[in-house]
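This report concerns only the one structure given below.
Convention: sequence-line order gives letters A, B, ...; per-chain numbering from 1. If you're wondering where the values come from, they're calculated on a predicted model, not measured in any experiment.
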There are 2 protein chains.
Amino acid sequence: MLTDGNLLCTRPSAVTDAPADPGRVRGRRPPHGDPVVDRAFALLAAFDAGHRSLSLGELSRRSGIPTSSTLRLAGRLIAWGALERGDDGRFTIGLRLWEVASLAPRGQGLKQVALPFMGDLEEVTRQHVLLAVREGTEALLVERLSAHQAMDVLYRVGGRLPLHSTGVGLVLLAFADSEFQASVLDQPLVHLPERVPVSPAALRRTLAEVRREGVATLRRRAPQPLVSVAAPIFGADDKITAALSVVVPLENAEPRLLGPAVRTAARSISRGLGARRSIGHNGSGASA
Amino acid sequence: MLTDGNLLCTRPSAVTDAPADPGRVRGRRPPHGDPVVDRAFALLAAFDAGHRSLSLGELSRRSGIPTSSTLRLAGRLIAWGALERGDDGRFTIGLRLWEVASLAPRGQGLKQVALPFMGDLEEVTRQHVLLAVREGTEALLVERLSAHQAMDVLYRVGGRLPLHSTGVGLVLLAFADSEFQASVLDQPLVHLPERVPVSPAALRRTLAEVRREGVATLRRRAPQPLVSVAAPIFGADDKITAALSVVVPLENAEPRLLGPAVRTAARSISRGLGARRSIGHNGSGASA
DNA sequence: AGGCTCTTGCCGCTCAATGGAAGAGAAGGT
DNA sequence: ACCTTCTCTTCCATTGAGCGGCAAGAGCCT
């Protein structure tokens with residue numbers, strides 16, 4: 001995709017039979033890849049956690065859009081406020097975009113309800129408290145509270161986590177509709193730090209247990225030994241909306257005690273979102 | 001702007017001399033207001049705090065784009081993830097947009113550095129802690145921590161605050177470059193709840209004091225009696241980047257004690273952002 | 001059943017968007 | 001001082017992507 005443009009573009013040599021062409025080929029509109037709007041958003045998608053500011057060239061290369069078009073589009077985005085440009089000419093994501101994006105019900109809206117209860121959990125556990133939702137086949141970290149004396153930071157707000165090897169991920173997967181579960185289980189999965197393959201049968205058993213207990217407890221040795229205890233949050237439609245989790249170092253962990261705390265907080269948040277049924281153990285959808 | 005489209009559009013009667021036109025006028029492309037990209041973002045801008053979910057009709061009306069075009073554009077935004085559509089057909093801001101927007105240096109990036117120090121302030125004061133940046137002629141609330149026992153919530157994360165009648169606003173204004181200050185002071189300003197006009201001279205004196213002390217202390221009686229104590233945060237370029245504030249109820253407030261706490265926290269955040277000079281009293285820019 | 005609003009698909013007409021070329025500017029090497 | 005290389009910006013002839021009125025379908029309240 002990205003290189004198609006170059007391949008299709010007219011090379012200076014031998015495109016037409018005419019050996020010297022005084023009438024320019026300028027203005028020939030090559031078949032472009034995407035409609036305008038998609039291109040505009042391709043510019044936004046060129047940014048990621050490792051590239052929060054990009055020069056024009058970088059932006060053009062990473063989005064696969066010719067420089068001149070990139071400049072023109074970026075100009076529009078800047079005029080609106082979706083992008084900002086520093087004195088050094090580098091582009092960053094604009095605050096205006098952050099402003100409208102903060103209206104996302106599954107982002108800021110969810111966070112607004114959850115934050116006080118997350119604060120409670122943080123005060124009690126003095127470690128990390130995570131709030132994540134499912135986005136595609138991954139979990140997306142919506143908020144993270146971390147006490148000072150907490151262990152090293154693991155994930156970034158706005159970052160993605162695998163579904164099958166994190167506490168929040170397991171919860172989101174366990175209570176998802178069975179159709180989606182099947183599609184995830186069909187694909188080969190590995191635990192990332194060590195690249196250990198995941199047995200679908202074992203994962204299926206784990207998910208059943210998560211549904212039965214209403215909590216997911218996940219232990220990990222690498223990179224740091226830790227325990228994650230996670231519980232589901234249900235929305236007004238009584239379907240799973242998010243997952244709440246506490247992450248503590250393995251040594252001084254008492255998962256038996258953390259479970260009820262996390263489940264209670266998750267229940268309170270569910271109630272705050274308008275959930276009525278299935279706040280207890282029995283997950284909606286996904287039987288057995 | 002919004003109605004121009006209608007006015008310019010061909011009315012069924014008497015557009016051409018031909019009295020009855022069997023060949024349809026369909027497909028006539030009227031002169032539209034805005035380029036595609038701007039329209040796409042106009043759709044996003046149609047959402048606000050009071051309208052987090054919109055039907056197609058509402059979206060069309062609020063953005064001033066004809067229904068069919070709205071549907072087509074919204075379809076693209078949904079395909080990318082900038083919008084989401086519920087089972088009821090209503091549109092909301094999409095999580096994918098929230099994800100990229102969380103890369104905004106002045107949003108999530110700033111918050112990431114500030115949050116731990118804000119947590120400290122919250123634990124000490126047990127009230128509201130605000131973090132805001134300047135966006136245009138207003139302040140934008142980037143983060144808010146509120147203890148449980150805190151007074152009623154005032155502002156919404158992602159919401160806007162006036163510069164001249166809030167603690168964070170005064171700080172952002174006081175340390176802004178003098179050119180911008182002048183442009184704000186030139187316009188008539190009022191304190192909003194009571195609509196009391198603001199005297200430019202008094203405001204100028206206040207700003208000078210804020211610069212001298214390195215803190216803004218603002219008392220308000222309505223809607224609730226409260227005190228806001230705010231301090232500036234400087235970035236790597238040693239210019240003002242954000243403002244930090246504690247908001248406490250007026251009765252049990254001790255502003256003299258809060259000042260140093262807020263200033264210390266703000267300084268720590270400045271250092272975390274890479275500021276070297278002007279962490280102390282003397283603001284950059286804006287002399288006298 | 002009739003009227004109303006909201007949503008969706010259709011389609012021929014244009015003009016907004018296009019990307020290469022060339023100019024401007026900065027940085028670095030010989 | 002001169003050339004090379006790189007990035008950024010402006011310009012413009014071409015054309016297909018985007019345009020919106022229309023009408024049919026789907027609910028929903030009289």
The side chain of [X] lies closest to which of these nucleotides: [options]?
| X | options | value |
| --- | --- | --- |
| A:Leu56 | D:dG20, D:dC19, D:dT9 | D:dT9 |
| A:Pro35 | C:dG19, D:dA17, D:dC19 | D:dA17 |
| A:Ser55 | C:dG20, D:dT9, D:dC8 | D:dC8 |
| A:Ser68 | C:dG19, D:dG18, D:dG20 | C:dG19 |

Partner residues of [X] under the side-chain hydrogen bond (donor to acceptor under 3.5 Å, both in side chains) criterion, sequence neighbours left out:
| X | answer |
| --- | --- |
| B:Thr92 | none |
| B:Arg160 | A:Glu99, B:Glu138 |
| A:Ser53 | A:Arg90 |

- Pairing residues for B:Ala139 by the side-chain contact (heavy atoms from CB on, under 4.5 Å) criterion, not counting sequence neighbours: B:Ala132, B:Leu161, B:Leu163, B:Leu172
- Query: With B:Ser183, which residues qualify under side-chain contact (heavy atoms from CB on, under 4.5 Å), at least two apart?
  - Reply: B:Phe180
Given atom [atom1] of [X] and atom [atom2] of [N], what is their separation to the nearest angstrom?
| X | N | atom1 | atom2 | value |
| --- | --- | --- | --- | --- |
| B:Asp38 | D:dC19 | CG | P | 11 Å |
| A:Leu59 | D:dC8 | CG | P | 10 Å |
| B:Leu71 | C:dT7 | CG | C1' | 7 Å |
| B:Leu43 | D:dC19 | CG | P | 10 Å |
| B:Leu54 | C:dC6 | CG | C1' | 14 Å |
| B:Arg76 | C:dA17 | CZ | P | 13 Å |
| A:Glu58 | D:dC6 | CD | P | 15 Å |
| A:Ile78 | D:dC8 | CD1 | P | 12 Å |

- Item | B:Ser69 versus B:Arg72, side-chain donor and acceptor atoms under 3.5 Å |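 Result is yes, a qualifying pair exists.
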Check: protein-nucleotides 27-30 of chain D nitrogen or oxygen pairs below 3.5 Å:
none

- Message: Can you work out whether A:Thr67 or B:Ile65 has the more 5'-proximal nearest nucleotide on DNA chain D?
- Response: A:Thr67
- Task: Please identify each residue that fulfils ring pair (Phe, Tyr, Trp, His ring centres under 6.0 Å) with A:Phe91, with sequence neighbours left out.
- Result: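 None.
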- Item | DNA chain D contacts among residues 83-97 of chain A, heavy-atom distance under 4.0 Å |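 Nucleic-acid contacts, sorted: A:Arg85.
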- Query: Should A:Arg72 be listed as having a side-chain N or O under 4.0 Å from OP1 or OP2 of C:dA16?
  - Reply: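 False: A:Arg72 side-chain N/O out of range (4.0 Å or more) of C:dA16 OP1/OP2.
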- Contact under 4.0 Å: B:Arg39 side-chain N or O vs D:dG18 OP1/OP2: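 The answer is no; no side-chain N or O of B:Arg39 sits under 4.0 Å from OP1 or OP2.
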Acceptor/donor pairs from residues 106-115 of chain A side chains to any protein atom, 3.5 angstrom cut, sequence neighbours excluded:
{"residue": "A:Arg106", "atom": "NE", "partner": "B:Glu84", "partner atom": "OE1", "Å": "3.4"}
{"residue": "A:Arg106", "atom": "NH1", "partner": "A:Arg134", "partner atom": "O", "Å": "2.9"}
{"residue": "A:Arg106", "atom": "NH2", "partner": "A:Glu135", "partner atom": "OE1", "Å": "2.8"}
{"residue": "A:Arg106", "atom": "NH2", "partner": "B:Glu84", "partner atom": "OE2", "Å": "3.1"}
{"residue": "A:Lys111", "atom": "NZ", "partner": "B:Glu143", "partner atom": "OE1", "Å": "3.1"}
{"residue": "A:Lys111", "atom": "NZ", "partner": "B:Glu143", "partner atom": "OE2", "Å": "3.2"}

- Query: Over its full length, what angle do the end axes of the helix from C:dA1-D:dT30 to C:dT30-D:dA1 make, each axis taken from five pairs and the result rounded to 10 degrees?
  - Reply: 40°
- Query: What residue pairs, at least two apart or across chains, pass ring-ring contact (aromatic ring centres under 6.0 Å, His included) with a residue in residues 40-81 of chain A?
  - Reply: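 Listed once each, the pairs are A:Phe41-B:Phe41, A:Phe41-B:Trp80, A:Trp80-B:Phe41.
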- B:Arg52: what forms a salt bridge (charged side-chain N to carboxylate O under 4.0 Å, His left out) with it, not counting sequence neighbours?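 Partners of B:Arg52 by the salt bridge (charged side-chain N to carboxylate O under 4.0 Å, His left out) criterion come out as none, since no residue qualifies.
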- Is it true that B:Arg62 and B:Asp48 make a salt bridge, defined as a side-chain N closer than 4.0 Å to a carboxylate O? yes
- Message: Would the base of D:dG18 count as contacting B:Ser69 through its side chain, where contact means a donor and an acceptor less than 3.5 Å apart?
- Response: no
- What's the verdict on side-chain contact (heavy atoms from CB on, under 4.5 Å) for A:Leu44 and A:Leu83, showing C-alpha distance, side-chain angles and the deciding distance? CA-CA 8 Å; A:Leu44 296 182; A:Leu83 292 180; 3.8 Å; yes
